[in-house]
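Quick one: the structure is below, and I'll ask about it shortly.
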Amino acid sequence: IITGDNVMVSGISVTGEIAGLTISGNRISDIKNTNTLGSGSNGIYLASASTAAAVSVNNNFISDVASYGNTGGRAATDNGYGIVVDNGGGYDIYHNTVVLNSNQQVAGNPAAMNITALVTSPAAINIKDNIFGNIQTQPGNHYTIQSTAANTVIASIDYNDYYTASGSLGYNSSDRATLADIQTGFSENLNSINVTPVYISAADFHIDPANVSNGVNLGDRGTVAGIVTDIDNTSRSGFSPDMGADEWLRPNYGSWVGRVSIDWLVPENWETNVVPDGNTDVTIKGGFVHMPTIVTTQAVRDLNMSSPDLANKPILTLSNGTIQINGVINHTGGNIDGILGTVEMNGTMAQLIPAGLFQGNGLNNLVVGNNTAAGVTLGGTLDIYRAVTFSPAGLKLTTGDFLTLKSTATETAWLGNMTGKSIEGSATVERYIPDHFKAWQLLAVPTTGQTIKQAWQEGSASPNSNPKPGYGT
């Protein structure tokens with residue numbers, strides 16, 4: 001805290017010829033300058049002498065920054081600011097949470113983000129995926145963002161959250177009261193929002209994942225900016241990361257990001273490093289270098305598969321592994337490679353296996369564990385290569401005439417014990433016939449407790465009689 005000297009105070013300062021720098025993972029707070037003559041304060045000060053400084057500012061919490069206050073100026077030395085760009089260029093400002101939550105002593109022009117008139121280089125700054133908040137209550141302005149530079153210094157600005165407790169959201173040649181005014185004044189910002197987040201506490205700027213408003217209005221609203229982890233070094237979504245320094249998930253929700261490997265059980269492969277369980281709705285999208293593989297038995301609640309990038313469809317591989325699905329399957333793209341795996345449908349409400357879910361329509365084992373009268377229904381062709389069985393809880397499978405029990409040179413698919421269970425609809429049963437030279441095969445349904453006459457000759461009473469035309473031998 002600076003109280004008497006006429007100097008600007010900064011949490012982190014970049015000046016001179018510094019270039020090629022990353023400022024990340026910092027918690028910057030309690031930056032104060034109460035000098036009545038001004039000189040300002042800020043969390044991060046960017047004033048490199050280079051116009052191509054290549055400075056990345058990401059994943060920082062900045063709060064509790066305030067100066068005495070000055071209504072007569074908007075320069076770095078006049079008020080308290082979260083982040084100030086005061087010279088140079090080549091700045092990427094991504095995924096920061098900046099909240100001005102301590103009052104200045106008198107009215108002024110404080111802002112969570114400030115671009116001064118000393119910045120002149122075209123396309124000097126990228127500003128994306130940030131939360132800029134100002135909840136100060138002293139008289140005067142309480143900006144989230146202000147700029148006295150030409151708009152040409154901003155290369156891109158979008159996917160930010162701007163919120164204040166009162167007053168105009170921003171300043172750019174004049175006050176910009178609303179989000180629409182921010183869009184007009186700064187250009188772009190078409191995907192930016194004006195939402196007040198609910199944090200874990202007044203001093204902890206992690207987003208509260210259990211808050212309903214956060215889930216509805218704030219979750220997954222960012223864009224991919226090349227920042228793959230958050231302030232806690234947990235994995236970010238590869239398609240729709242969260243704004244701010246904290247990547248967060250609604251309770252009972254999991255999203256595959258495949259950051260380090262194909263292993264389902266490695267936390268870093270999941271958004272926020274949370275491996276799902278049977279109470280988790282899992283989302284798997286394509287476009288990642290590593291797609292998930294299950295080699296053990298893993299449970300999920302809902303399974304959601306989609307292909308935002310049509311050229312990179314998601315693949316979930318069951319490598320002698322089992323996925324237990326307790327909820328519904330939502331499928332708009334991608335496949336399960338299940339030719340060596342098992343799917344258990346363990347719902348407590350009707351479940352549908354969508355058409356085209358499996359690669360080549362093939363699955364090794366299907367286990368019906370659904371305990372409802374409606375049971376499990378096939379929505380499209382399904383070829384089973386080993387077995388269809390029922391768990392003790394499972395009751396019913398409706399085939400829709402889509403089921404085929406396949407037969408190969410090594411194994412013929414079979415149906416498990418049906419006592420107390422039911423199958424509605426037809427199924428095709430195949431039988432592999434090996435190629436024997438000068439041989440013939442008799443194909444028939446296996447029987448027990450019957451003679452050949454009873455089982456295959458339909459109980460014919462005399463030679464050449466045909467008691468049931470179209471059946472028998």
Side-chain angles (χ1 to χ4, degrees), residues 128-129 158-159 190-191 215 219-228 235-243 247 249-250 252-266 268-276 280-295 298-319 321-343 345 347 351-364 366 377-383 400 402:
K128 291 183 179 180
D129 294 322
D158 205 355
Y159 295 93
L190 295 180
N191 298 288
D220 300 331
R221 298 296 292 271
T223 188
V224 175
I227 309 300
V228 299
S235 298
R236 288 193 179 274
S237 167
F239 282 96
S240 52
D242 295 310
M243 296 174 178
E247 187 76 4
L249 281 172
R250 299 184 300 276
N252 305 117
Y253 180 85
S255 179
W256 176 263
V257 297
R259 182 158 66 94
V260 297
S261 70
I262 64 174
D263 193 335
W264 181 278
L265 294 174
V266 171
E268 290 82 1
N269 287 328
W270 295 94
E271 187 176 357
T272 73
N273 292 20
V274 177
V275 178
T280 307
D281 295 338
V282 169
T283 295
I284 300 174
K285 300 177 181 179
F288 300 111
V289 174
H290 303 114
M291 295 308 302
T293 295
I294 295 176
V295 298
Q298 299 300 320
V300 303
R301 187 166 63 187
D302 292 354
L303 176 63
N304 306 291
M305 298 188 70
S306 62
S307 299
D309 181 357
L310 295 179
N312 295 284
K313 296 182 179 180
I315 299 293
L316 167 59
T317 300
L318 306 178
S319 182
T322 299
I323 184 168
Q324 298 171 325
I325 301 172
N326 300 329
V328 301
I329 301 172
N330 299 302
H331 174 251
T332 58
N335 300 107
I336 296 175
D337 181 356
I339 204 66
L340 297 177
T342 299
V343 171
M345 302 296 290
Q351 290 179 294
L352 173 71
I353 298 178
L357 177 64
F358 297 100
Q359 202 169 58
N361 296 319
L363 175 64
N364 202 34
L366 173 64
T377 299
L378 303 185
T381 300
L382 179 60
D383 297 333
F402 291 125

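For the numbers below, each heavy atom of this structure counts, side chains included, while hydrogens, waters and symmetry mates do not. Positions are given from 1 along the sequence.
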Tell me the closest heavy-atom pair linking G286 and P308, and the distance in Å.
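Answer, listing the atom of G286 first, then P308: N-CD, 4.4 Å.
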
Measure the CG-CG distance between N330 and D281 for me, rounded to the nearest 0.5 Å.
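It is 8.5 Å, given to the nearest 0.5 Å.
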
D337 backbone acceptor or donor facing N335 side chain under 3.5 Å
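Pair absent, no side-chain N/O of N335 close to backbone of D337.
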
How far apart are the C-alpha atoms of L318 and T342, what are their side-chain angles, what is the distance that settles it, and do they pass the side chain to side chain contact (heavy atoms under 4.5 Å, CB included) test?
CA-CA 7 Å; L318 306 178; T342 299; 6.0 Å; no

For N191 and Y159, indicate whether the former's side chain and the latter's backbone hold a donor-acceptor pair under 3.5 Å.
no

Could D158 and K128 be called an ion pair, given the rule that one side-chain N must be under 4.0 Å from one carboxylate O?
no

Less than 4.5 Å apart, any side-chain heavy atom of D129 and any of T223?
yes

Heavy-atom pair of closest approach, residues W256 and S261
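The answer is CZ2-O, 3.5 Å.
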
Please answer whether the main-chain N or O of M345 pairs with a side-chain N or O of Q324 as donor and acceptor at a distance below 3.5 Å.
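No; zero donor-acceptor contacts below 3.5 Å.
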
Kindly give the heavy-atom pair with the smallest separation between P276 and W264, and that separation in Å.
CG-CZ2, 3.8 Å

Can you tell if the side chain of T280 reaches within under 4.5 Å of the side chain of V274, non-hydrogen atoms only?
no

Could you check N312, L316, T317, I284 and say which one makes a side chain to side chain contact (heavy atoms under 4.5 Å, CB included) with M291?
I284

Are L357 and V343 close enough that some pair of their side-chain heavy atoms sits under 4.5 Å apart?
no

Checking N269 side chain against D263 main chain: does a donor-acceptor pair fall under 3.5 Å?
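At least one qualifying donor-acceptor pair exists.
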
Working note: L249 + W270, criterion side chain to side chain contact (heavy atoms under 4.5 Å, CB included); need CA distance, chi angles, decisive distance, verdict.
CA-CA 11 Å; L249 281 172; W270 295 94; over 6 Å; no

Is a side-chain N or O of E247 found less than 3.5 angstrom from the main chain of D242, in a donor-acceptor match?
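Answer holds: yes.
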
Do you know the tightest heavy-atom contact between N364 and G341?
CB-O, 3.0 Å

Given side chains that start at C-beta, do those of T283 and Y253 come closer than 4.5 Å, heavy atoms only?
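Sidechains of Y253 and T283: in contact.
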
Test item: E271 and D220 side chains (from C-beta on) under 4.5 Å apart, heavy atoms
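Yes, at least one pair of side-chain atoms sits under 4.5 Å.
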
Looking only at non-hydrogen atoms, find the nearest pair between N273 and R259 and report the distance.
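In terms of heavy atoms, the two residues are closest at OD1-NH2, 4.3 Å.
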
Report the C-alpha separation of Q298 and L265 in whole Å, then their side-chain angles, then the decisive distance to 0.1 Å, and conclude whether the side chain to side chain contact (heavy atoms under 4.5 Å, CB included) test is met.
CA-CA 9 Å; Q298 299 300 320; L265 294 174; 3.4 Å; yes

Apply side chain to side chain contact (heavy atoms under 4.5 Å, CB included) to residues N361 and F402 and explain how you reach the verdict.
CA-CA 10 Å; N361 296 319; F402 291 125; over 6 Å; no

Minimal heavy-atom distance between S235 and V257, with the atoms involved, is CB-CG2, 3.7 Å

Distance in Å, I315 CD1 paired with Q359 CD, rounded so as to fall on 0.5 Å steps:
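So the gap between those two atoms works out to 4.5 Å.
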
Tell me, do I336 and M305 make a side-chain contact under 4.5 Å, heavy atoms counted?
yes

Taking side chain as C-beta onward, heavy atoms only, is V328 less than 4.5 Å from D302?
yes

Are the side chains of K285 and S306 in touch, meaning some heavy atoms are under 4.5 Å apart?
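They are in side-chain contact.
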
